[in-house]
Amino acid sequence: MIEIELDGKKVDIAEGSMIMHAAEKAGTFIPHFCYHKKLSIAASCRMCLVDVEKMPKPMPACATQVAPGMIVRTKSDKAIKAQKSVMEFLLINHPLDCPICDQGGECQLQDLAVGYGASSSRYEEEKRVVAVKDVGPLISMQEMSRCIHCTRCVRFGQEVAGVMELGMSHRGEHAEIETFIGHSIDSELSGNMIDICPVGALTSKPFRYSARTWELSRRKSVSPHDSTGANLIVQVKNNKVMRVVPFENEAVNECWIADRDRFSYEALNGDERLTTPMLKQGGVWNSVDWQTALEYVANGLKQIKAEHGAQSIGTLVSPHSTLEESFLASALMRGLGSENVDYRLRNSEFPTSEGVRYLGTSIASLSDLQRVLVVGSSLRKDHPLFAQRIRQAARKGCAVNAIVSKAEDWAMPVANTMQRDARNWVQALADVAAAVAAEKGVESPVSGNADDAAKAIAQSLLSGERKAVLLGNSAAHHARASSLLALANWIGTQTGATVGYLTEAANTVGVQVAGALPGPNGLNAGQMLRGDLKAVFLLNNEPEFDSAAATLALSGLSKAEMVVTLSPFKVNMAFSDVLLPIAPFTETSGTFVNAEGRVQSFHAVVKPLGEARPAWKVLRVLANLLEVPDFEFESSQDVLSRVPGLPVEGEVLLSHAILNNTTQAVADLTPAAVAPTFVGIYELDGIVRRATSLQLTADAKPHDMVQEVAA
């Protein structure tokens, strides 16, 4: 540690730190634009000039290393004069359009100009004008004349997103930040550029001109999409979600969110929202009141139970549903005497539950891995924020290894890749196990061919210290998922690596904790989708898009006498008999459990749209009509308190008494009959599928169309 004096205070700071870091530790604000704690130092804006004793001129605080005995003054006349001079320089060409700027009210330049700007300018020449650029449906570059060339957006692309989509062309007053040869910005993390832009040069195209920042209420929430559990600030005006931005949580999403977390809110007020209960009568859909709809469902279930038994009724639960909704859906089925409940719609194998499957390590630890093997994942698109953390690890020297079915650009260096048909992934992992066994001189658990690729991965995992074997969505959905886990556990034991699942959805861990799995003699999701039931509940899912059965689910569910869909959207209308409008995550309180087992509860940020109601309330009332005991819940917290092993309040990590990735399965090297279903980044759930701007991106287009555009 080094001791320096900062504005008369003694500050201890690590050697190699900058004056800016010392100021942050001391709680002293130094004005800046180009500096960002998550990005490399550029020292391009010079706004952070400070007075350092024995230095002949002011020095940039972000790029000046501390030294023993250094004396720094941030508010001396010398420092203030330098900062005001820089501000005058920055404002020479900056357009004075604050009254119409979307960034107005949350603009760093606007804020600092109050303290460091002059009341008038000495310059009378015309301001520079930068041509308008179209870079896609998410980011607006309509006002790049405002750009002060801090290069935050450029560095973000290079260092965090892993793709340098923006750069600076030309020199002097002709310099511009732009994409080259007219390309769009296609990164799955691109929206973060809007947040880190210190002026209004980059703005949100969907939000643009829809509200002023001071009109918005800010309410905390949790992302309902992938398993990161990204913390969000949902901004609301007149009971309508207007914008979503990140809430900083270093342990989960740092200060970033993925584009699907940021822009999916468009679907919440779209035309496809279901706002009233609906019944199909004579093939025609009619809107009805809640009492009529719930009594129709209750009477239908009583009749089907009387005629065919409780085992003819089942529920398919979405892993994007909250913990409370999943628990009540399971409890309702079991209260009726049925064990037919499952969340594994996209799975091809349905083993008996041996434990709650999870990441196997903390999310934060992904940034510090030294070796990692990823099996069966489109990592960058399936889990953008996990990929971002592993990318940071790769920048620090982590060797990334992959077993995949097709080569993809993960926007990070991948040391070794085994590209095998997905049906042969078990054999590929067996080859790695054989190579590990040969390197260690132990017996391999299965027969494998230790080829060069397998040896390279084995040698990588046997070196280094902090290591992980991560099974992706496609590995979890695989027809030999248990075999993959068994081999991954053996490799993990031999190499000292943690083993876990990246997990697909916002609440994949939570639905397991809630017990949304078939009990003894209960039917699994595959059997229910095949048409083995007389009455089916579909909680927040669309089997055509959310299951491995895809279009075959339509014919299977059409065999049922009654299908009840609980959804925020008008879905499943071809085979459903009842549609019950439930509230999405912004309109209900609830809890998600992310991949690492972190329990995160949230409140509703707006009132339910139309006649929509929180799903836990709908399930409670339905259970009361069906005379299911122990269903007297007054709040979602009451429901949460009934889930075994969970806290009623607070954000905590589940214990390892609940989380468990071990298995008694024995690896079966027989090639799988079918390959797992590939799910695109903007096909994951019903909300992103209905977000207009996300569906206009390159990632949402069919692959052949993307290739055609690129050509």
Side-chain angles (χ1 to χ4, degrees), residues 1-94 107-125 127-128 146-155 158-159 168 170-177 196-199:
M1 300 293 282
I2 290 175
E3 185 182 87
I4 69 168
E5 182 181 309
L6 183 76
D7 290 341
K9 298 178 183 177
K10 300 293 185 183
V11 181
D12 291 324
I13 193 72
E15 186 175 356
S17 300
M18 303 299 167
I19 294 174
M20 185 70 80
H21 301 143
E24 288 178 342
K25 185 175 181 181
T28 299
F29 175 73
I30 298 175
H32 59 273
F33 294 114
C34 69
Y35 171 76
H36 190 282
K37 64 182 179 181
K38 294 292 184 181
L39 303 177
S40 62
I41 292 168
S44 59
C45 76
R46 319 306 281 187
M47 190 65 208
C48 64
L49 292 175
V50 293
D51 181 8
V52 180
E53 193 168 278
K54 297 182 180 178
M55 292 284 190
K57 60 182 181 179
M59 301 299 292
C62 68
T64 304
Q65 278 196 15
V66 295
M70 176 183 277
I71 299 174
V72 181
R73 300 180 184 89
T74 67
K75 296 175 176 62
S76 67
D77 289 342
K78 184 177 180 180
I80 296 296
K81 184 178 180 181
Q83 291 163 358
K84 286 187 174 182
S85 296
V86 171
M87 176 59 73
E88 182 180 24
F89 175 75
L90 290 174
L91 292 176
I92 288 173
N93 279 309
H94 194 79
C107 170
Q108 285 179 251
L109 183 63
Q110 187 182 57
D111 294 341
L112 293 178
V114 174
Y116 298 91
S119 59
S120 60
S121 174
R122 292 183 285 173
Y123 293 86
E124 298 178 354
E125 291 79 10
K127 294 179 181 286
R128 72 194 291 261
R146 300 170 183 163
C147 179
I148 60 172
H149 303 151
C150 70
T151 68
R152 279 187 181 185
C153 55
V154 178
R155 285 175 285 144
Q158 287 178 293
E159 300 163 17
M168 187 181 293
H170 313 302
R171 302 182 67 183
E173 69 168 10
H174 301 293
E176 293 183 31
I177 300 292
I196 62 175
C197 180
V199 296

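Separating the SG atom in C45 from the NE2 atom in H149 is a distance of 13.0 Å, to the nearest 0.5 Å. Here the CD atom belonging to E24 is positioned 8.5 Å from the CD1 atom belonging to I13, to the nearest 0.5 angstrom. Between N93 atom CG and Y123 atom OH the span is 10.0 Å, to the nearest 0.5 Å. In this structure, CD1 in I196 is found 10.5 Å from CD in Q108, a value given to the nearest 0.5 Å. From I148, atom CD1 reaches atom CG of L90 across 5.5 Å, with rounding to the nearest 0.5 Å. Here E3 contributes atom CD and D12 contributes atom CG; the two are 5.5 Å apart, rounded to the nearest 0.5 Å.
Using a 4.0 Å cut-off between charged side-chain N and carboxylate O, E53 and R73 make a salt bridge.
Contact record, A23 with L6: CA-CD2, 3.6 Å, taken as the closest heavy-atom pair. M20 and C62 make their closest contact through CB-CA, 3.9 Å (heavy atoms, listed as atom of the first residue, atom of the second, distance). For the residue pair V66 and A22, the shortest heavy atom distance occurs at CG1-CB, 4.4 Å. For I41 against A63, the heavy-atom pair with the smallest separation is CG2-CB, 3.9 Å. Shown here for I30 and A61, the closest heavy-atom pair between the two residues is CD1-CB, 3.8 Å. Closest approach of M70 and T64 over heavy atoms only: CE-CG2, 4.4 Å.
Counting heavy atoms from C-beta outward, M168 and V154 have side chains that stay 4.5 Å or more apart. The shortest side-chain heavy-atom distance between Y35 and M47 does not fall under the 4.5 Å cut-off. Annotation: side chain of M18 is not in contact with side chain of P60 (no heavy-atom distance under 4.5 Å). Residues I19 and M59 form no side-chain contact, since every pair of their non-hydrogen atoms from C-beta on lies 4.5 Å or further apart. Within the 4.5 Å cutoff, the side chain of V72 has no heavy atoms near those of the V11 side chain. Using a 4.5 Å cut-off on side-chain heavy atoms (C-beta onward), P31 and Y116 make contact. Residues F33 and L112 have side chains in contact (heavy-atom distance under 4.5 Å, counting atoms from C-beta outward). For the pair L109/M87, a side-chain contact is recorded, criterion being any heavy-atom separation below 4.5 Å from C-beta on.
Counting heavy-atom neighbours within 6.0 Å of K84 NZ, excluding the residue itself, gives a total of 12 or less. Crowding of K127 atom NZ: a count of heavy atoms from other residues, nucleotides or ligands under 6.0 Å exceeding 12. No more than 12 heavy atoms of other residues, nucleotides or ligands sit less than 6.0 Å from atom NZ of K81.
Within the 3.5 Å criterion, the main-chain N or O of S121 finds no donor-acceptor partner in the side chain of E88. Using modelled atom types, one side-chain atom of S76 and one backbone atom of A79 make a donor-acceptor pair closer than 3.5 Å. A donor-acceptor pair under 3.5 Å is formed between the side chain of R155 and the backbone N or O of C150. Judged by distance alone, the side chain of R146 and the main-chain N or O of V199 form no donor-acceptor pair under 3.5 Å. Side-chain atoms of R152 never come within 3.5 Å of backbone atoms of H36 as a donor-acceptor pair (strictly under, hydrogens ignored).
Classification of the H32-F29 ring pair by plane angle, with boundaries at 30° and 60°, yields tilted.
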Exercise. Run the side-chain contact (heavy atoms from CB on, under 4.5 Å) check on K10 and E5 step by step: do they pass?
Worked result: CA-CA 5 Å; K10 300 293 185 183; E5 182 181 309; 3.7 Å; yes
